[in-house]
2 protein chains.
Amino acid sequence: MYTVKEVSKLLDLTEHTVRFYTDKGLVPSVKRDKNNNRLFDEESINWLIGVKYLKQCGMSVEDIKSYVDLCLEGRSTIEERYEIIKKQKAIALEQLEEAKLRAKYMEEKLNHYLDIINGVISDDTNPGEWEPKYANTPHKKETS
Amino acid sequence: MYTVKEVSKLLDLTEHTVRFYTDKGLVPSVKRDKNNNRLFDEESINWLIGVKYLKQCGMSVEDIKSYVDLCLEGRSTIEERYEIIKKQKAIALEQLEEAKLRAKYMEEKLNHYLDIINGVISDDTNPGEWEPKYANTPHKKETS
DNA sequence: CTCTTGCCTTCGTGTTACCCGAAGGTGATA
DNA sequence: TATCACCTTCGGGTAACACGAAGGCAAGAG
């Protein structure tokens, strides 16, 4: 059994956020001890991991709450849940592509700065600021 | 030369956001036409792309503004800018790893739902909700 | 036994990064 | 000339926390 603090370290969320999520009903299995402290078991942690990922996909707390409620209703809502996860999976894949571009951009920019520092190139390609060329690549929204 | 609307489509930002960024001084090269409309050239778009990526790395608008100001000061601030981008690159790489885990999670969850729908497995592994096991993998903050 | 430490609680306001809609100007087209 | 379609500024609203205050409970120190 884990406390708020332990869980927050485990999942790299702030304690505020963990309390916020539990208060909003996103972690239905969370219990309280005799002093009213939140207590997380493995199941609660699994819920929280799911919540964290759904949130990173850009779902609002409200929508995640609806999804959690669907889960609690059991088997009869499976198709609906399937559609939700299908959509979030598509978003996750878009985010993955965007993350690759972002990492590549930062790397190229860093190399450019290195070249300037090492005097490999002069700075006069810079009317304002040089940028790697990504205008033609897709720029999908990071719905976070 | 592009209008706010065109730029917003090109970079997949809302028009509100594009105006917000320009008003905050994050796109120093943006001009106005005789009717006071914002006008973006290639340089402005490059700035905006950079701003977008830095923001996705979790930088605040305020910090991005500071960085832009450093850029405008020219060569003398190159080491400082180097350190900033180095840090953001590290963050971008963490985000990339996290994005992979997230996509994998969604895929496994979707497959699990498919198994239930197809009757391959019964739903009774589900006291609350089944989750793929990721508790032991690192859970870094998505500073977005 | 009391005191301090440290964790937890609730509550309520503050902050960031927008979102949204109102009110209005401009300029090309019908 | 009227209607679009676009732009502008402005001001208030919102989501998801962040933060701090005020206080409860328990365990160890002296």
Side-chain angles (χ1 to χ4, degrees), chain A residues 1-27 30-41 44-45 47-48 50-68 88 91 139-144, chain B residues 1-27 30-41 44 47-48 50-68 88 91 95 139-144:
Chain A
M1 297 295 249
Y2 307 84
T3 65
V4 167
K5 186 167 211 171
E6 290 164 343
V7 170
S8 69
K9 277 185 188 166
L10 198 58
L11 301 198
D12 199 28
L13 299 167
T14 70
E15 299 180 33
H16 288 296
T17 301
V18 172
R19 291 200 192 92
F20 181 72
Y21 287 168
T22 58
D23 291 350
K24 293 284 175 179
L26 304 189
V27 192
V30 75
K31 302 290 188 304
R32 301 286 187 142
D33 69 8
K34 59 179 163 38
N35 297 321
N36 203 29
N37 296 335
R38 293 168 188 80
L39 229 39
F40 296 78
D41 57 10
S44 298
I45 289 176
W47 274 109
L48 203 44
V51 167
K52 180 188 166 184
Y53 280 136
L54 288 175
K55 168 109 208 332
Q56 287 179 349
C57 283
M59 272 181 89
S60 70
V61 167
E62 194 184 346
D63 286 348
I64 296 175
K65 168 66 173 161
S66 303
Y67 168 76
V68 168
Q88 299 310 311
I91 291 173
H139 281 273
K140 293 296 174 140
K141 196 173 297 179
E142 191 84 350
T143 35
S144 68
Chain B
M1 299 293 251
Y2 307 85
T3 66
V4 167
K5 185 167 213 172
E6 289 164 345
V7 170
S8 71
K9 278 185 187 165
L10 198 58
L11 301 198
D12 199 28
L13 300 167
T14 70
E15 300 181 32
H16 289 295
T17 301
V18 172
R19 290 199 192 93
F20 181 73
Y21 287 168
T22 59
D23 290 350
K24 292 283 176 180
L26 304 188
V27 192
V30 75
K31 302 290 188 302
R32 300 288 186 139
D33 70 6
K34 60 179 164 40
N35 297 320
N36 203 29
N37 295 335
R38 292 168 187 81
L39 227 41
F40 296 78
D41 57 10
S44 298
W47 274 109
L48 203 46
V51 166
K52 181 187 166 183
Y53 280 136
L54 288 175
K55 166 100 214 339
Q56 287 180 350
C57 283
M59 273 182 88
S60 69
V61 166
E62 194 183 345
D63 286 347
I64 295 175
K65 168 65 175 162
S66 302
Y67 168 75
V68 167
Q88 300 311 311
I91 292 173
Q95 289 177 336
H139 280 275
K140 293 294 175 146
K141 197 172 298 179
E142 191 84 349
T143 36
S144 70

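All of these numbers come straight from a predicted model, not from anything done at the bench. Lettering follows sequence order; numbering is per chain, from 1.
- Between A:Thr17 and the phosphate of D:dA18, there is a side-chain N or O to OP1/OP2 separation shorter than 4.0 Å.
- Projected onto DNA chain D by closest heavy-atom contact, B:Asn37 and A:Asn37 fall at different nucleotides, the more 5' of which corresponds to B:Asn37.
- Look at CG on B:Leu11: it is 14 Å from P on C:dC18, rounded to the nearest Å.
- To the nearest angstrom, P of C:dA17 lies 14 Å from NZ of B:Lys65.
- Between B:Asn36 atom CG and C:dG27 atom P the separation is 12 Å, expressed in whole Å.
- Put simply, NE2 on A:His16 is 13 Å from C1' on C:dC8, counting in whole angstrom units.
- Taking 4.5 Å as the limit, every side-chain heavy atom of A:Lys52 sits out of range of all side-chain heavy atoms of A:Thr17.
- Residues A:Val68 and A:Trp47 form a side-chain contact, since some pair of their non-hydrogen atoms from C-beta on lies under 4.5 Å apart.
- At a threshold of 4.5 Å between non-hydrogen side-chain atoms, the residues A:Arg38 and A:Asp23 count as touching.
- Within the 4.5 Å cutoff, no side-chain heavy atoms of B:Ile64 are placed close to those of B:Tyr21.
- One can place CG of B:Asp23 at 12 Å from C1' of C:dC18, the figure rounded to the nearest angstrom.
- Going from atom CD of B:Gln56 over to atom C1' of C:dA17 covers 14 Å, rounded to whole Å.
- Computed from coordinates, the B:Leu54 CG to C:dA17 P distance equals 13 Å when rounded to whole Å.
- Side-chain contact between B:Val18 and B:Leu48 is present, with at least one heavy-atom pair separated by less than 4.5 Å.
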With 3.5 Å as the limit, what N/O pairs link the protein to nucleotides 11-16 of chain D?
from	atom 1	to	atom 2	distance (Å)
D:dA16	OP1	A:Val61	N	2.9

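- Residue A:Thr14 places none of its side-chain N or O atoms closer than 4.0 Å to OP1 or OP2 of D:dC17.
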Please tabulate, one pair per line, each protein N/O and nucleotide N/O from nucleotides 5-7 of chain C that are separated by under 3.5 Å, including the distance.
none

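- Side-chain atoms of A:Thr14 and A:Phe20, non-hydrogen and from C-beta on, never get closer than 4.5 Å to each other.
- Comparing D:dC7, C:dT9, D:dC25 by their closest approach to the side chain of A:Arg19 singles out C:dT9.
- Contact of the B:Leu26 side chain with the B:Val61 side chain is registered, since non-hydrogen atoms from C-beta on lie closer than 4.5 Å.
- At whole-Å resolution of the value, NZ in B:Lys24 and P in D:dC10 are 13 Å apart.
- A distance-only check finds a donor-acceptor pair linking the side chain of B:Gln95 to the backbone of B:Gln56 [under 3.5 Å].
- Nearest-nucleotide positions on DNA chain C place A:Glu15 closer to the 5' end than the other of A:Glu15 and B:Lys34.
- Here the side chain of B:Val4 is nearest to one of D:dC7, C:dT9, D:dA18, namely D:dC7.
- When side chains are defined from C-beta on, A:Lys65 does not count as touching A:Lys24, because their heavy atoms never get closer than 4.5 Å.
- Of the listed nucleotides (D:dT8, C:dC19, C:dT9), C:dT9 has the atom at the smallest distance from the side chain of A:Arg32.
- A donor-acceptor pair shorter than 3.5 Å can be found between the side chains of A:Ser44 and A:Asp41.
- For C:dT9, the OP1/OP2 oxygens have no side-chain nitrogen or oxygen of A:Asn35 closer than 4.0 Å.
- An OP1 or OP2 oxygen of C:dC8 is reached within less than 4.0 angstrom by no side-chain nitrogen or oxygen of A:Arg38.
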